[in-house]
Amino acid sequence: MNNMSECRFRHIVTDLSDCEDAIDELFNGVTDDGQPLSDDELRAARRLVTSCIDIVTRVADMAHVAVDLDGVEQSIDTVLRKANSAPLEARYDARDARVLLSMAAK
């Protein structure tokens with residue numbers, strides 16, 4: 001690619017989608033290995049959500065659209081920590097790597 005910025009956004013959107021899925025899985029109590037996020041990953045998740053809020057706020061400001069995300073930003077830590085400390089179910093059985101769909105559907 002001649003322009004690295006073209007490549008930068010395409011790579012980030014893929015990674016961001018993976019992070020979105022991981023957060024969604026955490027909120028639903030089902031992760032690949034049934035383990036919570038590490039403290040480092042939890043901090044990174046918070047930074048990611050904060051960055052997303054900053055981006056949305058900047059775009060809204062440029063579009064002259066009022067967006068009130070203060071409540072969301074104030075609750076990021078609480079929501080992520082609560083989801084991370086809840087009992088988690090493993091999506092995959094480590095012994096044979098079969099998907100535990102019946103348990104995830106409950």
Side-chain angles (χ1 to χ4, degrees):
M1 298 246 146
N2 292 340
N3 187 345
M4 286 303 292
S5 66
E6 291 176 21
C7 187
R8 173 181 47 206
F9 286 104
R10 276 192 265 159
H11 288 264
I12 294 299
V13 77
T14 301
D15 293 341
L16 184 59
S17 179
D18 290 343
C19 292
E20 181 182 7
D21 290 344
I23 289 171
D24 189 50
E25 290 169 355
L26 185 68
F27 288 161
N28 288 315
V30 178
T31 62
D32 287 347
D33 60 3
Q35 298 299 310
L37 298 175
S38 68
D39 288 343
D40 287 341
E41 281 291 285
L42 202 56
R43 281 191 294 277
R46 187 204 190 292
R47 287 193 313 266
L48 176 66
V49 173
T50 300
S51 292
C52 290
I53 289 171
D54 291 345
I55 292 168
V56 168
T57 300
R58 287 182 188 153
V59 171
D61 287 348
M62 292 303 295
H64 306 290
V65 174
V67 176
D68 183 14
L69 296 172
D70 290 337
V72 174
E73 195 163 10
Q74 292 172 4
S75 64
I76 295 170
D77 275 333
T78 303
V79 169
L80 287 174
R81 288 193 186 285
K82 182 178 178 181
N84 200 50
S85 64
L88 298 171
E89 186 175 297
R91 175 184 315 279
Y92 299 104
D93 186 333
R95 293 170 299 197
D96 59 16
R98 287 185 291 175
V99 180
L100 299 175
L101 293 176
S102 63
M103 296 181 86
K106 291 180 183 178

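Only this structure's heavy atoms are used, side chains among them; waters, hydrogens and symmetry mates stay out. Nothing fancy with the numbering, it's 1 onward along the sequence. Predicted model only: the values in this text are computed from it and were never measured.
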Can you give the donor-acceptor pairs under 3.5 Å from side chains of residues 42-52 to other protein atoms, not counting sequence neighbours?
| from | atom 1 | to | atom 2 | distance (Å) |
| --- | --- | --- | --- | --- |
| R43 | NH2 | D40 | OD1 | 2.3 |
| R46 | NE | D77 | OD1 | 3.1 |
| R46 | NE | D77 | OD2 | 3.2 |
| R46 | NH1 | T50 | OG1 | 2.7 |
| T50 | OG1 | R46 | O | 2.9 |
| S51 | OG | R47 | O | 3.1 |

When the side chains of residues 65-75 are checked against the rest of the protein, which donor-acceptor pairs come out under 3.5 Å, sequence neighbours left out?
| from | atom 1 | to | atom 2 | distance (Å) |
| --- | --- | --- | --- | --- |
| D68 | OD1 | D70 | N | 3.4 |
| S75 | OG | G71 | O | 3.1 |
| S75 | OG | V72 | O | 3.1 |

Once salt bridge (Lys or Arg N to Asp or Glu O under 4.0 Å) is applied, what residue pairs with a partner in residues 53-65 remain, sequence neighbours excluded?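 Pairs touching residues 53-65 that pass the test: none.
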Connected via hydrophobic side-chain network under 4.5 Å: V56 and I53: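 Linked within one cluster.
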Report yes or no: do V79 and L88 belong to one cluster of Ile/Leu/Val/Met/Phe/Trp/Tyr joined by side chain heavy-atom distances under 4.5 Å?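 Yes; L88 is reachable from V79 via cluster members.
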Going by the rule side chain to side chain contact (heavy atoms under 4.5 Å, CB included), which residues pair with E41 if we only count those two or more places apart in sequence or in a different chain? L37, S38
Extract all donor-acceptor atom pairs below 3.5 Å that involve side chains of residues 14-29 and protein atoms in other chains or at least two apart in sequence.
| from | atom 1 | to | atom 2 | distance (Å) |
| --- | --- | --- | --- | --- |
| T14 | OG1 | R10 | O | 3.3 |
| E25 | OE2 | R91 | NH2 | 2.9 |
| N28 | ND2 | D24 | O | 3.0 |

